[in-house]
Amino acid sequence: MKTTFKIMMVLILVFATKGQAQKEISVPLDPKTLEIDANEHRFEAYKGKTALYLKNGRAWLKDASFKNGTIEYDITFGNERNFAGVHFHIQDANNYEEYYLRPHQSGNPDAMQYSPVINGNAAWQLYHGEGYWSPFQFTFGEWMHVKLVIRENKMQVYINDMENPILHVTDLKLGEKSGGLGFGSFLGGTHYANLTYQNTDDVALVKSEENDHNKENRSGIISSYEVSEAFPSKKLGGITVLKDLNIPVERKMKAEASGILNLSKVSPVSEDTNTVLAKFNISSNSGDETKRLEFGYSDKVKVFVNGKLVYGGDNSFRSRDYRYLGSMGFFDSIHLNLRKGNNEITFAVTERMGGWGVMARLSD
């Protein structure tokens with residue numbers, strides 16, 4: 001009876017404390033706490049704070065687990081080109097959520113970015129605009145305080161003003177996961193200080209009138225595809241008839257609510273694994289029918305209709321001018337001359353950097 005009573009008391013304590021907030025954890029910025037892989041780093045007193053200087057690399061906590069709650073830190077940098085921020089829900093070296101600031105875009109709509117990193121491939125070309133970007137005027141050479149509030153698959157970000165969030169993310173792409181924490185600073189140099197985090201399921205999010213990207217009108221969006229394994233783009237060569245490629249397309253994948261099919265989930269990107277086929281079908285009852293297909297892709301695409309090449313394009317970063325980002329959206333279109341019965345549409349999508357994906361919708 002005593003043993004049974006003890007077990008019952010332990011269970012009561014477990015359930016009573018489940019979901020309660022942990023104390024805020026203050027992270028010492030020192031070699032014992034951080035695992036650093038960077039071109040340059042140092043621990044130093046900087047502008048009145050004990051700081052980590054990080055340039056072109058990352059510093060991850062050796063022992064941390066975070067799911068829901070808050071992440072806070074101080075940050076300062078110059079106005080050179082840089083991508084400086086925090087990594088969270090780290091699963092491994094190639095899979096994590098990322099939020100970073102772009103000093104060189106101060107005041108512009110893309111002054112900051114939320115993006116997942118999947119199989120080592122960041123996806124800022126796929127995820128852009130409202131819910132992923134926000135303008136902000138940075139104060140260079142001065143400390144700014146950043147706070148991330150994360151609950152389930154949503155995140156809100158504050159900078160300096162802790163009453164009004166400046167970025168509302170409604171769909172964290174890795175989903176509800178626990179994982180590690182760390183910093184990243186790429187190209188330029190950044191100082192970090194006063195890193196704290198708190199695990200709690202009771203964290204509150206501010207109500208926002210910003211658009212929930214999962215509730216937009218999705219009329220005509222292609223929601224599922226069959227995809228191939230990744231293969232080298234050189235196999236496409238001068239292919240104009242799909243059967244000459246002889247690549248099986250068997251894996252089924254669902255697109256996100258927005259229509260985005262993130263192909264980084266298929267494979268890491270390398271010279272031998274940079275292209276994937278993504279196929280869907282359209283049925284026509286009458287035949288001799290024309291439909292307008294709007295689509296987007298990153299970075300290069302060849303479109304085959306019923307096995308024949310009808311379109312080729314390059315949407316890579318800086319492929320059109322030095323400012324061109326290569327952002328993906330429903331920016332391109334073709335008219336499909338459908339035959340009676342089943343019609344097969346296949347995208348051969350090749351990735352370089354910044355996001356590997358495709359999206360499509362029928363305009364009517």
Side-chain angles (χ1 to χ4, degrees), residues 29 34 36-44 46-47 49 51-60 73-88 93-94 96-118 120-146 148 157-160 166-167 169 182-193 195 264 269 298-299 314-329 351-357:
L29 298 181
L34 300 172
I36 299 176
D37 180 13
N39 285 357
E40 186 179 345
H41 80 277
R42 57 183 178 269
F43 300 96
E44 62 184 3
Y46 186 78
K47 291 187 176 290
K49 299 179 187 290
L52 164 67
Y53 176 78
L54 191 66
K55 184 173 183 179
N56 204 25
R58 62 194 188 189
W60 287 0
Y73 56 96
D74 295 330
I75 188 171
T76 183
F77 40 58
N79 62 355
E80 71 269 28
R81 190 164 183 254
N82 191 8
F83 306 88
V86 62
H87 303 160
F88 60 97
N94 295 310
Y96 51 91
E97 306 279 21
E98 183 174 24
Y99 166 74
Y100 57 87
L101 307 179
R102 293 184 174 101
H104 54 293
Q105 298 295 348
S106 181
N108 291 337
D110 58 342
M112 63 189 66
Q113 174 84 54
Y114 156 68
S115 171
V117 175
I118 298 174
N121 196 17
W124 51 269
Q125 290 176 319
L126 275 57
Y127 305 111
H128 53 88
E130 186 179 335
Y132 307 106
W133 290 353
S134 184
F136 190 79
Q137 194 74 44
F138 301 119
T139 52
F140 298 115
E142 300 295 333
W143 287 110
M144 296 173 286
H145 187 69
V146 180
L148 280 61
V157 179
Y158 302 75
I159 302 182
N160 293 337
I166 59 172
L167 179 64
V169 178
F183 293 127
S185 183
F186 297 93
L187 297 186
T190 306
H191 280 91
Y192 295 96
L195 170 62
S264 291
V269 179
S298 178
D299 285 308
D314 186 349
N315 191 42
S316 306
F317 177 63
R318 292 183 175 174
S319 60
R320 305 183 188 188
D321 66 51
Y322 73 97
R323 297 164 298 180
Y324 187 71
L325 295 177
S327 300
M328 191 174 80
E351 166 67 344
R352 286 182 55 214
M353 60 165 287
W356 192 3

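Quantities reported herein were computed from a predicted structural model and do not represent experimental measurements. Hydrogens, waters and symmetry mates play no part in the numbers below; they use all other heavy atoms, side chains included.
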Practice item. Would you check if Glu80 and Leu187 make a side-chain contact, meaning some heavy-atom pair closer than 4.5 Å? Key: no

Practice item. Measure from the side-chain N and O atoms of Asn39 to the backbone N and O of Gly57, and report whether any donor-acceptor pair falls under 3.5 Å. Key: no

Check your understanding: Which heavy-atom pair separates Tyr96 from Ala93 by the least distance, and what is that distance?
Key -> CE2-O, 3.5 Å

Review point. Hey, is the main chain of Glu142 close enough, under 3.5 Å, to the side chain of Thr76 for a donor-acceptor pair?
Key: yes

Point to revise | Residue pair Leu52, Leu195: steps toward the side chain to side chain contact (heavy atoms under 4.5 Å, CB included) verdict | key: CA-CA 10 Å; Leu52 164 67; Leu195 170 62; over 6 Å; no

Practice item. Taking the six-membered ring for Trp and the full ring for Phe, Tyr or His, determine whether the centres of Phe88 and Tyr99 are under 6.0 Å apart. Key: no

Check your understanding: Do Arg102 and Asn108 have side-chain heavy atoms sitting under 4.5 Å apart?
Key -> no

**Study point:** Main-chain N/O of Gly326 paired with Asn315 side-chain donor or acceptor, under 3.5 Å
**Key:** yes

Practice item. For side chain to side chain contact (heavy atoms under 4.5 Å, CB included), just list the numbers for Asp110 and Leu325, CA-CA rounded to whole Å, side-chain angles, deciding distance to a tenth of an Å, and then say yes or no. Key: CA-CA 11 Å; Asp110 58 342; Leu325 295 177; 4.2 Å; yes

Practice item. Indicate yes or no: at least one non-hydrogen side-chain atom of Leu101 is less than 4.5 angstrom from one of Phe136. Key: no

Point to revise | Considering all heavy atoms, the nearest Asn160-Met144 contact | key: OD1-CA, 3.4 Å

Point to revise | Trp124/Phe83 aromatic ring centres below 6.0 Å | key: no

Practice item. Please confirm whether the backbone N or O of Ile166 pairs with a side-chain atom of Ser134, one donor and one acceptor, at under 3.5 Å? Key: yes

**Study point:** Minimum side-chain heavy-atom gap Leu34-Phe43 below 4.5 Å
**Key:** yes

Exercise for review: I would like to know whether Val86 and Ile75 meet side chain to side chain contact (heavy atoms under 4.5 Å, CB included); could you show each step before the answer?
Suggested key: CA-CA 10 Å; Val86 62; Ile75 188 171; over 6 Å; no

Review point. How close do Trp143 and Ala51 get, heavy atom to heavy atom, and via which atoms?
Key: CH2-CB, 4.0 Å

Exercise for review: Check the pair Gln105, Trp133 against side chain to side chain contact (heavy atoms under 4.5 Å, CB included), reporting the backbone distance first and the verdict last.
Suggested key: CA-CA 11 Å; Gln105 298 295 348; Trp133 290 353; over 6 Å; no

Practice item. Go through His145 and Asp74 one step at a time and tell me if the side chain to side chain donor-acceptor pair (under 3.5 Å) criterion holds. Key: CA-CA 4 Å; His145 187 69; Asp74 295 330; 2.7 Å; yes

Check your understanding: For the side chain of Ser115 and the backbone of Ala123, is there at least one donor-acceptor N/O pair under 3.5 Å apart?
Key -> yes

Check your understanding: Are the side chain of Glu351 and the backbone N or O of Gly355 linked by a donor-acceptor pair below 3.5 Å?
Key -> yes

Point to revise | Polar side chain donor-acceptor pair, Tyr127 to Gln113, under 3.5 angstrom | key: no

Review point. Ring centres of Phe183 and Tyr73 under 6.0 Å apart?
Key: yes

**Study point:** Tyr192 backbone acceptor or donor facing Tyr46 side chain under 3.5 Å
**Key:** no

Point to revise | Least distance between heavy atoms, Arg81 atom then His104 atom | key: CA-ND1, 3.4 Å

